[in-house]
Number of protein chains: 2
Amino acid sequence: MTDHHGDARRPGEILADLPEATDAGLRFVGVIRTPFATRADCPRRGDAEQGPDCRIEVAALYEPALLAVEDHARIEVLYWLHEARRDLLTQSPKSDGAQRGTFSLRSPLRPNPIGTSIVTLLRREGRVLVVRGLDCLDGTPLLDLKPARCGYAVVAPDKA
Amino acid sequence: MTDHHGDARRPGEILADLPEATDAGLRFVGVIRTPFATRADCPRRGDAEQGPDCRIEVAALYEPALLAVEDHARIEVLYWLHEARRDLLTQSPKSDGAQRGTFSLRSPLRPNPIGTSIVTLLRREGRVLVVRGLDCLDGTPLLDLKPARCGYAVVAPDKA
């Protein structure tokens, strides 16, 4: 995750003058609690096996939508990357300096900063899900939960 | 995919009186072209190996964000399910009549109707990606593209 908030532009970055974000509206349906208080604390990628326990707190209005969620061991979580700037079309991640398009990166900086993660559901406590596999900031707004797709299996993580 | 548009409520369904969807705003960044003209035509789940070729047409403004996207064989696609009603907290899919919470279903009917699919990139033609693995309606608005996560591998689809 790059820490890239100001207006400073790195070499190779292209910024867009984007239209108002009003094609569709979102409702936050809860909040995600993680041990990661700043973006520097966030790991690059959540670990659904070894990562810390995190809490997904669903707002009371949406509690009925959790019915039978505990039937699923792996859940796809969608959330709003509320601190991300949205105008970068190309980016130069620090790791290699090469210019890449935002659509060829999983950077949180995107025209529509929606994060997606597959988590392991450890348990449900009322309208709270205790999970592993998240890498987002504490306080991140929740957008959606759905069973992870069939057809994909977890494989051993890269050694790198 | 249920075809469930009107105000008729099925047994076991709970509707919410939801707040305005104004916590965050989205920008459509392109459009998805599929052979599926109506919801009845849409398969239940896109097949990234055998499904029909579909076209993801990125808007001209966002073309720079495609730089190097062709380095990735599998891409996660986020899109807006623009025909979906958003107030169902529980649903009773026709297949078994059981009541389930929306967050334990992959139904398109959700408080924030964002679809996610993993597709196989066949080729790029300028600002069009030709892919397999989509199951959404022709004309679906595009929200985002990002490389599929590492750590997941395709497994053989269910026989069912």
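Numbered from 1 within each chain, the chains take letters A, B, ... in sequence-line order.
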Listed partners of B/T38 passing side chain to side chain contact (heavy atoms under 4.5 Å, CB included), at least two apart: B/A40, B/D41
Shortest non-hydrogen contact between B/P147 and A/S104, atoms and distance: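 In terms of heavy atoms, the two residues are closest at CG-O, 3.3 Å.
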Over all atoms of both residues, closest heavy-atom pair of B/F103 and A/V69: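 Closest approach of B/F103 to A/V69: O-CG2, 3.7 Å.
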Set of residues satisfying side chain to side chain donor-acceptor pair (under 3.5 Å) with respect to B/R132, sequence neighbours excluded: B/D53
Heavy-atom contact with chain A under 4.5 Å, split by part of B/D71: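 Neither the backbone nor the side chain of B/D71 comes within 4.5 Å of chain A.
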Part of residues 59-68 of chain B lying next to chain A, heavy-atom separation under 4.5 Å: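 At a heavy-atom separation under 4.5 Å, chain A is reached by B/L61, B/Y62, B/P64, B/A65, B/L66, B/L67, B/A68.
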Electrostatic pair A/R27-B/D23, nearest N-O below 4.0 angstrom: no
Options B/N112, B/I75, B/L18, B/V58, ranked by heavy-atom pairs under 4.5 Å with chain A, top entry: B/N112
Heavy-atom pairs under 4.5 Å with chain A, option from B/V29, B/L89, B/D17 with the top count: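 Going by pairs under 4.5 Å, I would pick B/L89.
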Pair A/T116-B/R149, side-chain donor/acceptor within less than 3.5 Å: yes
Atom group of A/E20 that falls short of 4.5 Å from chain B, counting heavy atoms: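 Backbone only.
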Other ILVMFWY residues reachable from A/L78 by side-chain steps of under 4.5 Å: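 When side chains under 4.5 Å apart are linked, the cluster holding A/L78 also contains A/L26, A/F28, A/W80, A/I114, A/L143, B/L26, B/F28, B/L78, B/W80, B/I114, B/L143.
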Most chain B-contacting option - heavy-atom pairs closer than 4.5 Å, from A/P19, A/A16, A/A98, A/P111: A/P19
Among the listed options A/L105, A/T90, A/T22, the residue most often paired with chain B at heavy-atom distances under 4.5 Å: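 Looking at each option in turn, the highest pair count goes to A/L105.
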Single-linkage hydrophobic cluster [X]~[Y], side-chain heavy atoms < 4.5 angstrom:
X      : Y      : result
B/L122 : B/I56  : no
B/V130 : B/I118 : no
A/L81  : A/V119 : yes

